[in-house]
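Heads up, the thing below is written out as structure tokens.
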Amino acid sequence: MVNVMSEFELDSHAPKGPLQDRWKQHKYNSRVVSPANRKKYTVIVVGTGLAGASASASLGEMGFNVKTFCFQDSPRRAHSIAAQGGINAAKNYQNDGDSVWRLFYDTIKGGDFRARESNVFRLAELSTAIIDQAVAQGVPFAREYSGYLANRSFGGAQVSRTFYARGQTGQQLLLGAYQAMSRQIAEGTITHQSRCEMQELIMDGDRAVGIITRDLVTGELESHIADCVVLCTGGYSNAFYLSTNAKGCNTSAIWRAHKKGALFANPCFTQIHPTCIPQHGELQSKLTLMSESLRNDGRVWAPKNKADCDKRPEDIPEQDRDYFLERMYPSFGNLVPRDIASRAVKLICDEGRGVGFEIEGKKLGVYLDFAQAIKKQGFDAVEEKYGNLFEMYQRITAENPYETPMRIYPAVHYTMGGLWVDYNLMTTIDGLFAGGEANFSDHGANRLGASALMQGLADGYFILPTTVADFLAKHKPVKAENYSMQIDEAMSSAKSRIDSLMNAPEPSVTPDEFHRQLGQILWHACGMARTKSSLEKAINEIQTLREQFWRKVKISGSEGGLNQTLERAGRVADFFELTELMCIDALDREESCGCHAREEHLTEEGEAKRNDMDYSYVAAWQYSGDISHPTLYREYLHFDFVRPSIRNYQ
């Protein structure tokens with residue numbers, strides 16, 4: 001099933017020397033393009049969420065010609081807007097011992113020692129500049145009475161380093177990046193196109209020189225040539241169908257790049273967020289995240305006795321409540337990392353002590369209780385911190401969380417896997433970069449809360465402007481008229497794919513129904529728990545269902561105009577291929593680490609049991625021409641400044 005190319009060692013191009021000097025030295029060694037020559041170069045940026053908007057604004061400000069694309073009706077609709085709880089930065093405003101080194105270590109440890117030291121330290125180092133950038137843009141972070149920016153705690157850390165704007169941090173940061181991008185649109189350095197989806201990558205040999213897009217309103221296919229392409233298209237959690245992601249989130253851009261030669265790294269590392277509103281019914285199509293910040297003041301518990309699970313929580317006395325995270329992990333309590341908390345919640349529900357709605361014969365939910373916080377801090381203080389989150393919960397569930405504990409259960413939230421990139425954020429395709437959640441670079445096997453916004457903005461504001469400029473300085477500007485043959489080839493591929501979707505031999509099943517079936521297979525086999533037998537079974541089921549998809553998918557309407565069913569079908573087709581790779585990757589990794597919980601490799605307490613001797617590497621997969629037989633390359637991880645150890649949050 002797997003072709004292993006162990007003799008080839010991926011070069012991350014990470015600089016050497018003292019960790020704290022590597023990024024500074026790397027920037028110094030990077031080439032630059034003179035201001036007069038920058039307007040001669042064109043950069044395509046696909047995706048305009050936090051990473052894409054900040055990268056576009058920065059490159060435009062530098063004087064490059066930037067062409068941006070998003071499939072939403074506005075960059076303001078990017079899924080970055082849904083991030084709630086905050087963004088990490090090692091400012092140490094609370095004077096509680098935080099530092100760049102502590103943020104670096106917490107992030108490496110939180111990822112179960114499956115990320116590069118150089119990338120993670122750079123992320124921690126840049127975190128402080130991100131806050132300064134956002135404040136200068138007018139992002140309304142919460143403040144103390146004194147006027148200083150406020151901080152709160154998040155999972156996996158024992159210091160307060162998370163900056164926030166109530167429960168709307170992603171929205172406010174995205175508006176900051178969007179206004180910077182809008183300024184460059186007005187200046188003429190950025191040309192933006194909304195309602196437009198990437199269909200293919202245009203290749204000139206081994207180099208990316210542009211993209212094919214489809215106008216989602218007219219259906220027209222267009223070609224765009226540039227000196228380099230940057231993909232900032234987010235993650236692929238929607239492969240599971242039920243997730244906290246917006247329904248439009250997809251893998252298509254990075255998957256099309258993968259099939260052109262970009263390696264896909266750690267696809268099985270999918271983060272399950274513990275604090276989500278539980279599923280209400282079998283036909284539900286979307287789950288809602290409740291910010292991890294709620295675990296600062298909310299206490300997670302479940303009934304000690306199964307007989308109490310049907311009672312109202314207010315009727316269960318204190319002595320009959322199991323505050324299981326505080327019991328199992330006394331040092332971190334309710335603020336253990338997401339993978340740890342999620343497995344603990346699953347364990348409780350598997351024991352039959354879950355509460356709320358019954359899904360597939362099991363109650364899937366535990367309580368998140370704010371009664372004690374309201375009693376100690378007062379109603380007004382809790383409302384000030386979490387009011388909009390409580391309001392959202394009440395609108396969805398018709399329950400008042402000020403009076404009745406919230407019900408929560410883990411759900412698919414974020415993907416640590418993505419396109420393999422080196423220290424410059426370049427993929428294995430020359431001239432193709434990937435930023436934010438579209439790459440694998442910084443989080444290892446598990447992402448700590450409030451780190452996604454940090455990575456997206458670090459990549460966009462500070463890293464890509466340096467590394468893209470370094471790449472462009474080594475090449476002469478391209479001329480579109482020289483690539484007609486390459487454009488025709490990519491255009492033909494895009495048209496052929498659309499024709500196949502529109503003309504299935506036995507059209508009878510909607511793309512959404514196929515997606516729902518695929519998501520159920522993936523969740524049960526490659527969700528919170530994985531086993532060899534379940535993964536092998538899932539691979540066979542995915543292959544069978546994929547064959548049915550191409551034979552029976554039904555798409556109404558035509559390809560020549562607005563057709564959202566065609567859009568969804570194209571994305572589901574890519575999910576069918578990606579999910580098989582996710583299961584192959586999970587099957588190949590015979591260990592448990594972070595979010596990857598192989599039941600054969602867990603301790604008696606249900607904790608992950610890593611195998612550093614055999615699996616301390618990034619698994620980077622190459623498309624071999626056969627989806628079911630990818631080629632595996634390994635980037636071995638070396639730790640010179642931290643020592644991998646058992647993740648102990650007790």
Side-chain angles (χ1 to χ4, degrees), residues 12 14 19-20 22-23 50-51 83 85-92 96-131 151-163 235 265-266 269-271 273 292-293 332 335-341 413-418 421 423 425 435-437 439-459 462-463 593-596 608 610 612 616 618 637-649:
S12 69
L19 198 55
Q20 65 273 17
R22 290 182 178 181
W23 176 235
L50 275 182
I87 176 171
N88 288 332
K91 286 286 196 180
N92 195 30
D96 55 2
D98 200 13
S99 66
V100 169
W101 280 93
R102 187 177 295 278
L103 176 54
F104 158 68
Y105 179 74
D106 285 347
T107 306
I108 283 277
K109 176 184 175 184
D112 227 346
F113 304 96
R114 290 293 177 264
R116 292 187 202 125
E117 284 184 326
S118 294
N119 286 66
V120 177
F121 190 89
R122 176 174 63 183
L123 177 65
E125 181 182 7
L126 290 173
S127 67
T128 58
I130 295 171
I131 302 303
N151 291 125
R152 57 189 176 197
S153 300
F154 249 62
Q158 291 180 306
V159 296
S160 295
R161 62 162 68 104
T162 303
F163 295 77
N266 297 335
F269 286 169
T270 308
Q271 181 167 81
H273 197 296
E292 183 170 306
S293 63
F332 282 73
L335 286 174
V336 291
R338 292 173 177 177
D339 60 321
I340 305 266
H413 177 57
Y414 186 91
T415 47
M416 281 72 64
V421 292
Y423 190 71
L425 304 187
E437 196 178 355
N439 72 43
F440 87 101
S441 63
D442 294 346
H443 306 299
N446 175 62
R447 178 177 70 81
L448 291 184
S451 289
L453 305 182
M454 178 174 60
Q455 185 211 347
L457 292 178
D459 287 357
F462 301 109
I463 300 173
C593 59
C595 67
H596 173 61
R610 288 198 325 269
D612 293 337
S616 185
V618 175
L637 297 168
H638 306 283
F639 296 95
D640 300 318
F641 298 91
V642 298
R643 185 174 182 176
S645 58
I646 295 174
R647 290 172 71 205
N648 186 353
Y649 293 96

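Keep in mind that the numbers below use all heavy atoms, side chains included, and drop hydrogens, waters and symmetry copies.
Between the side chains of T415 and T270, no donor-acceptor pair of N or O atoms lies under 3.5 Å. Using a 3.5 Å distance cut-off with no hydrogens or angles, the side chains of D112 and N446 do not pair a donor with an acceptor.
Residues satisfying the ring-ring contact (aromatic ring centres under 6.0 Å, His included) test with F332, not counting sequence neighbours, are Y649. Under the salt bridge (charged side-chain N to carboxylate O under 4.0 Å, His left out) criterion, D459 pairs with no residue at all, not counting sequence neighbours. Under the rule for a salt bridge (charged side-chain N to carboxylate O under 4.0 Å, His left out), the partners of K91 that lie at least two apart in sequence or sit in another chain are D132. Contacts of D96 classified as salt bridge (charged side-chain N to carboxylate O under 4.0 Å, His left out), with partners at least two apart in sequence or in another chain: none. Listed by chain and number, the residues in a ring-ring contact (aromatic ring centres under 6.0 Å, His included) with F104 are W101, F121 (sequence neighbours excluded). Under the ring-ring contact (aromatic ring centres under 6.0 Å, His included) criterion, H273 pairs with H413, sequence neighbours left out. Considering only residues two or more places apart in sequence or on other chains, E117 meets the side-chain hydrogen bond (donor to acceptor under 3.5 Å, both in side chains) condition with none of them. Applying the side-chain hydrogen bond (donor to acceptor under 3.5 Å, both in side chains) rule to D106 yields the partners R161; only residues at least two apart in sequence or on another chain are considered. Residues satisfying the salt bridge (charged side-chain N to carboxylate O under 4.0 Å, His left out) test with R116, not counting sequence neighbours, are E635. In this structure D442 satisfies the side-chain hydrogen bond (donor to acceptor under 3.5 Å, both in side chains) test with no other residue, sequence neighbours excluded. Every residue meeting the side-chain hydrogen bond (donor to acceptor under 3.5 Å, both in side chains) condition with T162, not counting sequence neighbours, appears here in chain and number order: N88.
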### Task
Verify side-chain contact (heavy atoms from CB on, under 4.5 Å) between R22 and R122, making sure each step is shown before the conclusion.
CA-CA 8 Å; R22 290 182 178 181; R122 176 174 63 183; over 6 Å; no

### Message
Working note: E125 + Q20, criterion side-chain contact (heavy atoms from CB on, under 4.5 Å); need CA distance, chi angles, decisive distance, verdict.
### Response
CA-CA 8 Å; E125 181 182 7; Q20 65 273 17; over 6 Å; no

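Closest of all the heavy-atom pairs between S616 and F639 is OG-CE1, 3.8 Å. When all heavy atoms of I130 and A458 are compared, the pair lying nearest together is CD1-N, 3.6 Å. Of all non-hydrogen atoms in Q455 and S441, the two that sit nearest each other are NE2-OG, 3.6 Å. Residue A115 comes nearest to G444 through the heavy atom pair CB-N, 3.6 Å, listed as atom of the first residue, atom of the second, then distance. Smallest separation of non-hydrogen atoms from M454 and S127: SD-CB, 3.6 Å.
Contact of the Y423 side chain with the W23 side chain is registered, since non-hydrogen atoms from C-beta on lie closer than 4.5 Å. By the 4.5 Å heavy-atom criterion applied to side chains, S160 and R152 are not counted as neighbours.
The closest donor-acceptor contact from the side chain of R102 to the backbone of G97 lies under 3.5 Å. The backbone N or O of R447 lies less than 3.5 Å from no partner atom in the side chain of S451, so there is not a single donor-acceptor pair.
Between H443 and Y414, the gap from one ring centroid to the other is short of 6.0 Å.
Between the CZ atom of R114 and the CG atom of L637 there is a distance of 7.0 Å, given to the nearest 0.5 Å.
Each salt bridge (Lys or Arg N to Asp or Glu O under 4.0 Å) pair with one or both residues in residues 637-646, not counting sequence neighbours, would appear here, but there are none.
Of the charged side-chain nitrogens involved, at least one lies within less than 4.0 Å of a carboxylate oxygen, so that D612 and R610 count as a salt-bridged pair.
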